[in-house]
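Since the structure comes first, as structure tokens, the remarks are kept for the end.
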There are 2 protein chains.
Amino acid sequence: MATIKDVAERAGVSVATVSRVLNTPDAVKERTRQQVLNAIDELQYSPNFLGRNLRMMETKRILVVLNTISNQFFSRVVRGIEERAREENYAVMICTTRGNQESLQGYVHMLKTRAVDGMILTTHEICDEAIFTLSKRFPVLCACEPVQDPRLTYVGIDDEKAGEDAVRFLLDHGKRRIALFGGGTYTYSSILRERGYRKALQEAGIPVEESLIFSEGLTFKAGVRAASRLMKEQTKLPDAIFAFSDSTAIGAMKELNNHGVEVPRDISVVGFDNTAVSEMFIPSITTVAQPQYTMGFTAMDLLIQKINGTADVSNQILSHEIIIRDSVK
Amino acid sequence: MATIKDVAERAGVSVATVSRVLNTPDAVKERTRQQVLNAIDELQYSPNFLGRNLRMMETKRILVVLNTISNQFFSRVVRGIEERAREENYAVMICTTRGNQESLQGYVHMLKTRAVDGMILTTHEICDEAIFTLSKRFPVLCACEPVQDPRLTYVGIDDEKAGEDAVRFLLDHGKRRIALFGGGTYTYSSILRERGYRKALQEAGIPVEESLIFSEGLTFKAGVRAASRLMKEQTKLPDAIFAFSDSTAIGAMKELNNHGVEVPRDISVVGFDNTAVSEMFIPSITTVAQPQYTMGFTAMDLLIQKINGTADVSNQILSHEIIIRDSVK
DNA sequence: TTGTAGGCGTTATCAT
DNA sequence: ATGATAACGCCTACAA
């Protein structure tokens with residue numbers, strides 16, 4: 001492979017000049033530049049970033065850690081990240097953990113070894129404390145999934161408020177007994193949304209029925225399980241289900257449908273995330289939308305600030321919205 | 001940031017010894033090793049890969065280029081890739097083009113500049129010829145979306161055969177007028193599948209009705225459009241629809257449903273890809289499954305061979321399968 | 001078993 | 001406007 005030295009020899013100039021042609025073309029005479037460009041062409045030369053990276057101590061690459069790539073929600077987040085990244089000439093690498101602690105450690109290692117300039121975390125296989133320790137030495141940012149530790153930088157929505165709003169929406173539509181299909185205590189977002197759920201009910205003077213709260217998880221299958229349990233355990237169906245993800249909502253609807261319960265005729269359903277499928281499903285699903293694109297864009301923006309060493313980058317809470325469709329009567 | 005030199009000084013040894021502790025620990029005396037490890041600990045040292053990469057002329061990273069991350073199909077492909085990659089200590093970077101030529105050029109640039117050791121392409125924003133030129137100099141592999149050029153290495157299914165099998169399945173279920181919802185001529189897989197469609201009909205002695213072939217694309221919206229046109233243009237609905245993606249199938253079903261046409265009562269539908277949603281949908285969708293995980297795993301395996309310079313790595317055609325569900329009567 | 005020293009390809013600082 | 005040269009951090013002959 002041709003190196004800068006080969007090009008220099010071929011063009012009859014020094015390596016410094018070749019470097020200048022590449023990086024500060026205006027600083028070199030037209031005629032010389034042409035010679036160099038010709039040599040580059042003839043040798044099919046592309047600069048080796050490994051050398052450049054070492055010299056500059058930067059890679060112009062950032063890492064986005066996702067739990068899984070198959071989560072529709074994140075595709076739009078990533079789009080936002082990439083958009084902002086492109087503006088500053090960063091390449092975005094997406095890596096997935098699938099809940100695997102170990103692989104996350106591998107990605108953290110990439111940060112420590114300077115394989116990337118910064119990292120956006122959307123999943124918490126490591127605890128806040130570990131993230132904090134890391135973020136003291138490297139540019140790290142949390143997005144989408146809220147964090148408790150105030151020393152971490154976070155970009156996302158106010159989950160408690162979102163939960164509250166969704167329940168209030170159902171209350172406004174005359175629903176009083178509202179089941180909760182959540183993700184359990186290991187996702188902080190679920191904890192916050194449930195807090196909002198309780199608050200809204202309480203303010204409406206409706207006692208919380210603990211037996212209507214299901215924490216099977218946020219997947220399609222979790223929705224199936226929760227709905228199955230709901231039908232088994234409750235003699236009378238509630239008026240509505242508030243699911244913490246669209247997938248869960250769909251799982252629930254599928255299972256209800258299998259037992260002859262029709263949405264929204266017999267029961268109403270609200271999902272979360274406004275993923276593409278919520279619009280496609282029959283019936284289409286009323287859901288709490290998060291500003292995914294903006295979340296990604298903002299996260300990348302803050303990360304860039306961190307990389308550039310801008311003083312105290314602070315949290316950004318973005319607003320959510322209820323998208324009204326056909327699954328609530 | 002501490003460097004290997006700092007560690008060496010602190011431990012009272014040479015940098016060579018520190019390097020050995022990191023890379024060939026057995027080659028250094030127990031006591032010395034302990035001293036070095038202590039120093040590493042005290043200084044919170046992590047080796048800088050930028051230096052290592054330059055020296056070794058490798059990054060242990062590979063690039064997977066996807067059109068978009070939001071395609072469910074690829075999540076399992078990526079899982080296969082990652083699995084095989086982990087075995088050989090490669091980090092997998094996922095980058096998306098969203099059909100943007102320019103961003104693909106950027107990723108190609110990463111290959112040329114040694115930012116990654118190899119690349120798996122699943123989308124063809126650049127032509128076969130360009131890929132071939134690239135693959136002469138760098139490890140490049142095509143997966144999932146077939147390529148015409150025999151000089152390229154490809155991992156995937158036999159799309160023509162898959163199209164043929166799907167149509168034959170419908171014929172076996174008594175369907176004779178079968179509409180085609182495909183991706184048009186710009187995706188080679190669509191061309192091949194359509195070829196299979198024609199072949200199966202021809203062999204059954206059924207003339208191909210060109211007016212039943214729609215090429216609106218492979219998205220949900222494309223399915224909506226195609227179904228809309230179908231209902232408008234045909235006085236009598238066909239017996240079945242063969243859609244080249246599950247999303248398209250769902251779009252079609254949604255649109256049909258809006259007009260009171262029920263699947264599978266009034267018309268049967270076959271999808272493609274066996275993505276998660278095909279199981280979730282009501283009714284669940286009969287679809288042509290591709291071995292996504294194996295495709296990814298195999299692709300990475302071949303790429304590793306290419307990186308290691310193994311002589312002639314050759315195409316791998318994997319087998320598809322029809323998953324029977326509720327959308328065909 | 002350990003140390004010395006050269007070089008990977010690039011950029012940047014001085015000179016000229 | 002251009003050239004010589006010293007880093008950047010690491011690995012690895014080769015020597016000791």
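- Applying the salt bridge (charged side-chain N to carboxylate O under 4.0 Å, His left out) definition to pairs two or more places apart or across chains, none involves residues 303-317 of chain B.
- In terms of the side-chain contact (heavy atoms from CB on, under 4.5 Å) criterion, residue partners of Arg20(B) (sequence neighbours excluded) are, by chain and number, Ala16(B), Thr17(B), Thr24(B), Ala27(B).
- In this structure Gln72(A) satisfies the side-chain hydrogen bond (donor to acceptor under 3.5 Å, both in side chains) test with no other residue, sequence neighbours excluded.
- Remark: Glu87(B) pairs with Arg84(B) by the side-chain hydrogen bond (donor to acceptor under 3.5 Å, both in side chains) rule, at least two apart or across chains.
- By the side-chain hydrogen bond (donor to acceptor under 3.5 Å, both in side chains) test, Asp128(A) pairs with no residue at all, sequence neighbours left out.
- With axes fitted over five pairs at each extremity, the angle between the ends of the helix from dT1(C)-dA16(D) to dT16(C)-dA1(D) is 40° (10° resolution).
- Of the two residues contacting DNA chain C, namely Leu50(A) and Ala27(B), the nearest-nucleotide position lying further toward the 5' end is that of Ala27(B).
- Protein atom CD of Glu9(A) is 14 Å distant from nucleotide atom C1' of dG9(C), rounded to whole Å.
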Exercise answer: donor-acceptor pairs, residues 54-63 of chain A side-chain atoms, under 3.5 Å, sequence neighbours excluded:
residue	atom	partner	partner atom	Å
Thr59(A)	OG1	Arg61(A)	N	3.2
Thr59(A)	OG1	Asp117(A)	N	3.4
Thr59(A)	OG1	Asp117(A)	OD1	2.9
Lys60(A)	NZ	Glu88(A)	O	3.2
Arg61(A)	NH1	Ala115(B)	O	3.3

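- In terms of position on DNA chain D, the residue among Met1(B) and Ser14(A) whose nearest nucleotide sits closer to the 5' end is Ser14(A).
- Applying the salt bridge (charged side-chain N to carboxylate O under 4.0 Å, His left out) definition to pairs two or more places apart or across chains, none involves residues 45-54 of chain A.
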### B/S/- contact track for nucleotides 10-16 of chain C, protein heavy atom under 4.0 Å
BBB----
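- Residues that satisfy the side-chain hydrogen bond (donor to acceptor under 3.5 Å, both in side chains) test with Gln148(A), not counting sequence neighbours, are absent from this structure.
- For the side-chain contact (heavy atoms from CB on, under 4.5 Å) test, residues two or more places apart in sequence or in another chain that qualify with Ser189(B) are Glu145(B), Pro146(B), Asp159(B), Thr187(B), Arg193(B).
- Remark: Arg151(B) qualifies as a cation-pi partner of Phe132(B) under the 6.0 Å distance and 45° angle criteria applied to the six-membered ring.
- The residue Leu54(A) sits close to a base: some heavy atom pair falls under 4.0 Å.
- Nucleotides of DNA chain D with any atom under 4.0 Å from a heavy atom of chain A span, from 5' to 3', dA1(D) to dG9(D).
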